[in-house]
Amino acid sequence: MIKVNRLNKNYSAHNAVKDLDFEVGDGELFAFIGPNGSGKSTTIRMMTGLLEPSSGSVELFGEEMRLDKVALKQRISYVPDTPDLIGRLNGHEYLNFIASAYRMEQSAFMERKQELLELFDLEGALGSLIEEYSHGMKQKLALVGALIHQPDVLFLDEPTVGLDPKSNRNLKQYLIEYVKSGKTVFLTTHNLSLAEEIATDILIIYNGKKRAHGSLEALKQEAVGATLEDIFLELTDGAGIR
Amino acid sequence: MIRLILKTEMRSAFNYWKSMGETKVILYIIMALLFMLLPLPLLGSLLFTLTLSLKTDHLSSYIMILSLAAIVILTLLSIHFIIKDMILSANVPMYLSFPISAGDLFWAKFIKHAFLHAAIILMPISMIVGVALAIRFEEWMLLINSAVYFLGVGVVITSLAYLCTFLTAHILPAKKVSGVLSFVGAASFILVYLAFFALGDSIKGWTKRLPESPVSFDGFLYGFDVSISIIFISSVVGLAVVMAKSASHVTRRAMVRGWNFYGHSGKRMKSGTKLERVVHPIVTLMRKDLKMTVRDFKELAVLLPYYLLPLFLIYVSGFSGQTGTGTLDMTDILISAVGGTLVMSLFVGAYNTARDAEHFAMLKALPLKGSSIAVSKYLFTLLTTVPVMMVAFTVVWYLSQAAPGDLVLLIIMILLSALTAVPIGMMIGSKNPVVSYRNPRKRLDTLSNVMISFSLVVVLMLTGVATGLMDGSTGVDRQVLIVGSLVLPAVVSIWLLRKVAKRYDKGFKITYKE
């Protein structure tokens with residue numbers, strides 16, 4: 001479903017992503033983890049076509065992803081680390097905008113909207129302008145917008161930041177069920193226990209380079225450690241630990 | 001403590017000035033020099049001449065109007081800056097987290113705002129008026145009285161601004177108030193400009209129509225009398241002290257209680273069934289643009305001068321009275337309509353397109369073709385500019401008593417001009433849009449502004465050529481000439497629209513600024 005081939009991104013002299021190779025299959029919940037500034041967001045932006053790679057390519061559903069590939073975008077969704085919403089729309093109008101952009105059927109839109117609003121406890125809270133929402137509310141709305149058309153691949157960059165415990169748990173359960181239905185989730189997170197709990201495949205990136213890739217069990221064999229946190233710290237030279 | 005806060009504020013302003021970059025600093029210096037060289041001496045000499053030459057009977061009305069104008073304009077200006085400085089920037093909680101009292105903070109901010117947004121304007125006015133009165137009535141005490149009077153007005157203005165801001169801080173969202181004031185500010189700027197334009201025609205006629213003043217300044221600002229002056233000065237100082245004390249009380253109370261920043265008033269917007277309907281992507285994009293425009297007064301404030309342009313053009317088309325005939329010439333109307341539509345469409349097209357930079361990543365994450373976004377932008381700009389010009393110039397046509405055929409021609413010309421200019425504006429707007437966190441309404445970079453100005457010069461030159469050609473032609477020839485000269489660019493504009501669509505597909509080159 002997703003194929004990343006020798007992906008590179010250079011900003012002047014700085015190589016943000018170096019020769020990244022991996023594949024993500026159908027029905028996988030892929031956790032893409034790494035310390036701050038390791039190239040996670042840059043990679044995810046290249047995978048969603050928002051950033052042009054310096055070299056290498058990203059294939060989605062067997063087709064190369066580029067900014068103008070509208071048909072590919074129809075099948076994916078992306079929630080950035082900072083929700084990028086239109087502040088002067090209210091929540092209902094924003095969701096309507098998203099549904100129209102994805103050309104959803106009216107009945108499907110209404111049904112999915114109701115289901116997701118209940119899931120994230122957003123019912124009755126969407127009447128105000130988005131610019132008035134708290135970070136958590138914006139994050140929930142961005143997630144509803146991303147899930148509303150049931151994308152084949154869902155890209156989530158730090159989706160749990162700002163979510164309350166209940167929504168966090170609901171999202172977790174939802175993602176587990178979502179991949180069971182054959183859809184794919186590509187997730188970046190600093191929440192290692194979340195990755196450990198729900199990911200079917202994990203890739204650790206450090207300084208733009210792949211350090212390890214595989215299931216949790218495979219990673220435990222590759223590096224010494226009882227938990228993903230131990231493995232992560234060992235492979236990233238204890239980044240963040242003094 | 002007040003001195004410490006003022007010193008910190010000065011330091012902060014100085015650091016901001018230093019961090020601005022050489023080009024910007026030079027630009028500001030040039031603008032300040034131009035202001036000091038042109039409008040300032042002009043306004044100064046106007047005030048000086050008026051004060052010297054007006055009949056003594058009219059002096060009270062004149063000073064009253066001057067004071068009221070200053071109160072209205074400077075209070076609006078002060079409210080805008082107080083909101084920006086004390087509510088939007090959130091530096092009040094920062095100061096109050098230190099061992100600083102709300103009272104000290106209020107007086108420091110009050111002195112700053114009174115100096116920067118009232119005294120800096122009113123002191124030169126008091127000097128000009130005072131010197132003129134002192135020369136005219138040969139009494140130098142009038143200069144001191146004038147200074148005290150305008151200083152008092154300055155304190156009243158700043159107090160009024162604080163009272164308006166903090167009395168409504170619990171009821172109205174500060175951000176919205178600031179937006180509304182920017183809009184009012186832009187509107188008043190245009191109105192002041194039009195007033196000056198009208199004044200330029202006949203200053204004598206204007207002074208004759210001065211209303212009777214409810215307050216007489218006789219004995220205080222002219223015909224000097226010691227006892228009246230003492231009563232006046234006491235009253236002015238008393239009023240200023242009462243106002244400042246009231247402002248201090250209200251502001252300190254608001255500082256302690258906190259205020260409404262965004263307006264979580266609990267009032268929910270209605271989301272009717274219409275909004276729930278899934279529509280075509282082009283329609284939803286246009287809806288989004290409409291909401292982004294009408295829900296922010298600051299957006300409207302930026303566009304307002306261009307929407308008031310038809311009024312100005314109607315005025316210069318024949319109502320200026322310069323011809324003295326009172327009749328409207330159809331050629332002038334046609335040229336005004338084309339010129340006005342071109343200017344309006346060019347800027348609005350550029351501005352609307354550049355606005356997409358703000359949420360470009362989100363737009364591009366959606367399955368939207370560049371051509372869909374470009375077409376929606378094109379239609380949105382046409383729908384929000386062409387009808388305005390059509391209505392305005394239909395009124396002009398009606399007043400001109402021209403033939404019905406001329407109205408058809410007028411409408412075709414407005415439409416063709418907009419069809420031509422909007423894609424050019426969109427090209428300019430998509431070239432290098434700016435996303436500024438400090439000033440979100442600044443969306444076009446310097447080069448784009450230069451390009452718009454250059455395009456306008458070209459348009460004006462072409463209009464001049466067209467006028468020359470039209471003067472030598474009549475009737476059907478003239479109509480064929482005008483329509484023909486606009487059809488070709490309108491066709492070319494379709495090609496430009498495709499270029500804009502490609503830019504949407506490829507991605508904008510966006511400049512992010514602090």
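Naming convention: chains lettered A, B, ... in sequence-line order (proteins, then strands); numbering from 1 in each chain. A quick note: this is a predicted structure, and the numbers were derived from the prediction, not measured.
In this structure, A/N96 and B/R287 have side chains that are in contact, with non-hydrogen atoms separated by less than 4.5 Å. The shortest distance between side-chain heavy atoms of B/K288 and A/E93 does not fall below 4.5 Å. Using a 4.5 Å heavy-atom threshold, the side chains of A/S100 and B/H280 count as separate. Counting heavy atoms from C-beta outward, A/K73 and B/L366 have side chains that stay 4.5 Å or more apart. Counting heavy atoms from C-beta outward, A/L85 and B/H359 have side chains that stay 4.5 Å or more apart. The shortest side-chain heavy-atom distance between B/M362 and A/F97 falls under the 4.5 Å cut-off.
Residue contact with chain A, scored on non-hydrogen atoms closer than 4.5 Å, is absent for B/I282. Heavy atoms of A/F155 lying under 4.5 Å from chain B are absent altogether.
Atom CD1 of A/I86 and atom CG of B/L363 lie 6.5 Å apart (nearest 0.5 Å). With values rounded to the nearest 0.5 angstrom, A/R103 atom CZ is found 11.0 Å from B/T284 atom OG1.
Shown here is A/E52, whose CD atom has no more than 12 heavy atoms of other residues, nucleotides or ligands within 6.0 Å. Within 6.0 Å of the CD atom in A/E123, the count of heavy atoms belonging to other residues, nucleotides or ligands exceeds 12. Within 6.0 Å of NZ in A/K18 there are more than 12 heavy atoms belonging to other residues, nucleotides or ligands. Atom CD of A/E115 is surrounded by more than 12 heavy atoms from other residues, nucleotides or ligands within 6.0 Å. Within a 6.0 Å radius of NZ in B/K431, no more than 12 heavy atoms belonging to other residues, nucleotides or ligands are found.
Here the closest non-hydrogen pair linking B/A365 and A/Y102 is O-OH, 3.8 Å.
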